[in-house]
Amino acid sequence: MTMLEKTYNPKDVEERLYRDWEASGAFRAGNKPDAKPFTIVIPPPNVTGSLHIGHALNNTLQDILARFERMRGRDVLWQPGMDHAGISTQLVVERQLEERQTSRQKLGREEFLKRVWEWKAESGGTILRQLKRLGASCDWSRDRFTMGETEADQMSRAVLKVFVELYAQGLMYKDTRLVNWDPRLQTAVSDLEVENIEIKGNLWHIKYPLADDPERFITVATTRPETMLGDTAVAVHPDDERYRALVGRQVRLPLSDRLVPIVADDYADPEKGSGAVKITPGHDFNDYEVGRRHKLEPLSILTLDGKINDKAPAAYRGLDRFDARKRVVADLEALGLIEKVEPVTHAVPHDEKTKTVVLEPMLTEQWYLNVKPLAEKALDAVRDGRTKFVPERFADEYYRWLEDIRPWCVSRQLWWGHQIPAWYDDKGNIFVAESEVDARAQAKAKLGRDVALTRDPDVLDTWFSSALWPFSTLGWPEQTPELKRYYPTDVLVTMFDIIFFWVARMMMMGLHFTKQVPFHTVYIHARVVDERGQKMSKTRGNVTDPLTLIDEFGADALRFALAIAAAAGKDLRMGRGRVETYRNFCTKIWNAARFCEMNGCVRVAGFEPSKLKSTLNRWIVGELVRARNEVTAAIEGYRFNDAAGGLYEFVWNVYCDWYLEFIKPVLGGNDEAQAAETRATAAWVFDEVLRLAHPFMPFITEELWRVTGEQGPKREAMLISAPWPDYAKIARDAAAETEMNWVKTLISEVRSVRAEMNVPPASKLPLQLKGASASEAEWLKRHNDLILRLARLETATTGKDLAKGSAQIVVGQGTVGLALEGVIDFAKERARLTKDVQKADSEIARIDAKLSNKDFVSRAPEEVVQELREKRAEYEAARAKLLEALKRLD
RNA sequence: GGGCGAUUAGCUCAGUUGGUAGAGCGCAUCGUUUACACCGAUGAUGUCGGCGGUUCGAGCCCGUCAUCGCCCACCA
């Protein structure tokens with residue numbers, strides 16, 4: 001027989017138990033073919049990543065759900081996998097190459113990709129190992145990768161298929177327009193990947209001379225003067241009197257010496273600046289639109305790496321865009337064309353990853369997905385409740401974005417990613433197909449002969465494949481048994497910052513390709529910030545490493561700390577202090593187990609929680625039922641903090657602080673039958689606690705389950721596969737509850753009086769309880785042993801000389817030379833209940849008054865009257881309950 | 001410029017249909033009673049951001065203001 005160690009040491013058990021779980025096959029989906037499936041797809045972490053505390057939270061919550069539903073008998077699939085993370089991964093490997101004095105350009109595409117795959121094989125598993133340390137019960141046999149190309153993992157095929165179909169449906173198309181461009185990586189990025197950062201800059205007011213009257217000027221203002229090299233017009237508002245005469249005339253663009261027209265366009269705001277605005281369609285999104293309206297050809301004056309190109313005057317060619325800005329300003333100054341310079345703060349688009357590179361609107365040809373029709377379906381699915389957000393308010397954010405969605409630029413000028421399945425001939429014909437063979441066949445069918453084809457070098461936005469994740473991981477486009485069984489998935493657990501990037505796009509793609517929502521519920525959890533409330537980031541250096549915390553306190557402590565702090569959708573501050581607190585909770589549970597062990601509290605066969613004789617035991621069973629119901633309802637409602645909190649409260653403040661203290665005198669007493677029943681009850685309740693706690697603290701509970709399983713009747717070998725408690729058949733004993741609450745109150749009050757009166761702990765005093773009701777007197781007698789022990793009394797008896805309803809205790813009068821007198825108000829409870837009855841009475845009277853007012857009844861809408869009647873009935877019912885409770889007190 | 005969230009004990013935060021304000025940490029006093037000092041007992045501390053309103057009754061509902069934070073937005 002195993003004896004429990006004095007303290008719980010997570011390091012000794014976590015690794016072993018995780019291996020046992022895996023070996024038992026408990027993580028695998030499909031174990032219970034007759035059970036209802038329950039599916040969660042993991043938000044795939046980046047291969048480049050390592051587990052940060054946000055992942056720890058995200059995966060803890062998913063694991064709680066997975067383990068909970070598994071115990072409730074569902075066939076659980078928690079689908080794991082990783083994301084290829086296009087840009088991040090490419091950058092990581094490029095940086096490595098840089099250290100070795102080489103580059104991807106030198107290696108060539110094929111060799112470079114080989115190196116990335118090698119890197120993935122080496123480093124990609126880190127995060128999975130970390131998830132295992134956390135206790136994540138994913139079905140690892142089904143591990144997937146967004147660029148998977150193996151027999152089992154055909155993620156890439158799904159991506160090709162989707163692209164080809166979208167193209168065939170006319171939703172995927174190429175277009176040349178302005179796109180957010182990263183001049184450092186030389187790739188397009190989508191609108192979502194742009195972060196507008198407020199920075200200090202200047203607003204230069206520049207004078208443009210009229211072409212036919214060089215002495216007259218029209219002033220425009222800009223924060224980016226170098227773009228004037230690409231100006232193709234000046235716009236003024238059509239109703240602006242100041243400029244009406246100038247519309248149709250031209251200005252001579254300084255530095256470039258080109259003539260550009262003055263056009264009338266609503267875009268020009270007469271209130272702003274001079275009312276005239278320079279138009280640069282090649283380098284500004286608004287100007288692009290203005291240019292289109294006036295048939296102005298966009299003029300791009302930048303190279304793809306952000307230098308001035310040869311469309312600009314020779315003096316500026318080859319200059320970096322920021323150097324060009326200085327040069328332009330200097331030259332304008334020299335010419336006396338700067339009217340004034342105002343310092344301003346304005347939002348400048350930066351790349352969202354590094355937040356350092358200033359993005360440039362750039363005219364390039366890219367692939368676009370027309371998401372508008374997909375968005376309509378995605379909106380409807382949330383509007384009609386097929387998918388619901390928890391908390392609900394996030395649905396608004398989702399609506400807002402989808403309602404105003406623009407075409408999604410899906411091509412990236414990178415190497416690492418899904419290469420776009422489009423081939424071109426030398427005439428510029430496009431053939432989109434799942435393979436080169438198919439593309440050739442298409443070309444031959446169209447042109448009547450074999451032609452040389454070259455594949456589009458670009459790759460897809462990483463989020464494109466992520467958008468397919470819920471169904472591509474299950475084998476789509478094949479109608480696999482897994483897809484039929486586990487799709488749609490049940491709940492997506494994620495954070496608010498990727499609602500647009502990921503959630504909305506999964507909804508769109510899921511509905512478009514499977515006609516079903518990808519998940520019924522989207523649970524948005526908190527963001528983890530550091531102890532000072534700052535967002536954690538590598539650059540800030542304030543990242544808390546969950547593994548360090550696991551090493552120090554154990555995985556269960558970290559998990560519990562995260563769960564109990566995880567009120568939906570709010571920032572969550574996390575540091576080692578909190579984890580330490582819940583390490584202490586683990587220790588508490590461990591010690592409760594040791595108490596049971598030392599006192600022979602062993603489970604017995606045929607234990608019947610409904611047929612207990614002792615009030616004490618009936619009471620704790622009732623409390624357990626209450627806790628179980630609370631925890632269950634809270635998890636079902638994704639109120640993880642309430643679930644963990646309810647469990648904590650029951651284990652610590654009810655089971656340990658009261659019940660175990662209560663039973664000490666019973667276990668040592670001479671009523672052997674009661675002692676035996678109590679040992680069995682203590683063991684049974686503890687066993688149930690292990691079940692309730694398991695989703696939150698899988699390791700310690702599993703270990704205690706193993707040890708306590710060595711004695712008593714046989715039960716499930718592993719807790720992970722044991723059933724969740726179901727107490728539908730257990731009736732809670734309200735009388736036992738009232739009785740034990742009275743005992744608890746009595747003990748607390750005596751302790752309180754003792755402390756206030758500074759009675760030494762060693763002094764055992766006699767207690768006389770005066771004015772007790774008949775049942776109170778009985779309770780005092782029945783629980784005399786434990787009252788004496790816990791309140792440190794010599795005797796506890798009743799007296800009868802005070803009025804009922806104002807019960808008093810008189811403690812040790814004359815015994816220690818002090819007269820201790822404290823009022824215990826059992827009357828307090830009566831007063832409260834009485835007050836509530838009175839409230840109900842007054843409420844009923846108020847409603848009656850209204851209802852007897854004939855004028856009101858005849859004029860008010862039927863619903864209002866009906867509502868009042870219902871309310872009255874409710875108050876009647878509440879009143880009856882209160883009276884019953886009052887009666888119980890007597 | 002729009003939208004959302006937050007404001008509760010010294011700190012970090014709970015508070016789900018409106019009914020006498022809670023937890024953890026911290027603090028104070030006491031305690032080595034055979035599970036646990038990673039513990040137990042007892043206690044102190046709150047005009048629930050301000051001001052109005054609805055209600056018999058508001059931390060919770062309505063209006064308004066203030067401060068902080070986040071998201072979205074094409075402003076020269």
Could you tell me whether A/E198 atom CD has more than 12 heavy atoms of other residues or ligands within 6.0 Å of it? yes

Partners meeting ring-ring contact (aromatic ring centres under 6.0 Å, His included) with [X] (sequence neighbours left out):
X: A/Y398; answer: A/F389
X: A/F553; answer: none
X: A/Y659; answer: A/Y655

Contacts of type salt bridge (charged side-chain N to carboxylate O under 4.0 Å, His left out), residue [X], not counting sequence neighbours:
X: A/R292; answer: A/E289
X: A/E703; answer: A/R16, A/R706
X: A/K588; answer: none

Residues two or more places apart in sequence or in another chain: which of them pass side-chain hydrogen bond (donor to acceptor under 3.5 Å, both in side chains) with [X]?
X: A/R789; result: none
X: A/E403; result: A/R383
X: A/R594; result: A/N591

Each nucleotide N or O in nucleotides 8-11 of chain B that has a protein N or O under 3.5 Å away: list the pair and distance.
none

Starting at the 5' end of nucleotides 31-38 of chain B, put B wherever the base has a protein heavy atom under 4.0 Å, S where only the sugar-phosphate does, and a dash everywhere else. S-B-BB-B

RNA chain B stem ranges, 3 or more consecutive Watson-Crick or G-U pairs under 3.5 angstrom: B:1-7 with B:66-72, B:10-13 with B:22-25, B:27-31 with B:39-43, B:49-53 with B:61-65

Taking OP1 and OP2 of B/G43, is either one under 4.0 Å from a side-chain nitrogen or oxygen of A/S752? yes

Residue A/D642, side-chain atoms from C-beta onward, closest of B/A14, B/C71, B/C74: B/A14

Would you measure the distance from the C1' atom in B/A37 across to the matching atom in B/C30 and give it in whole Å? 14 Å

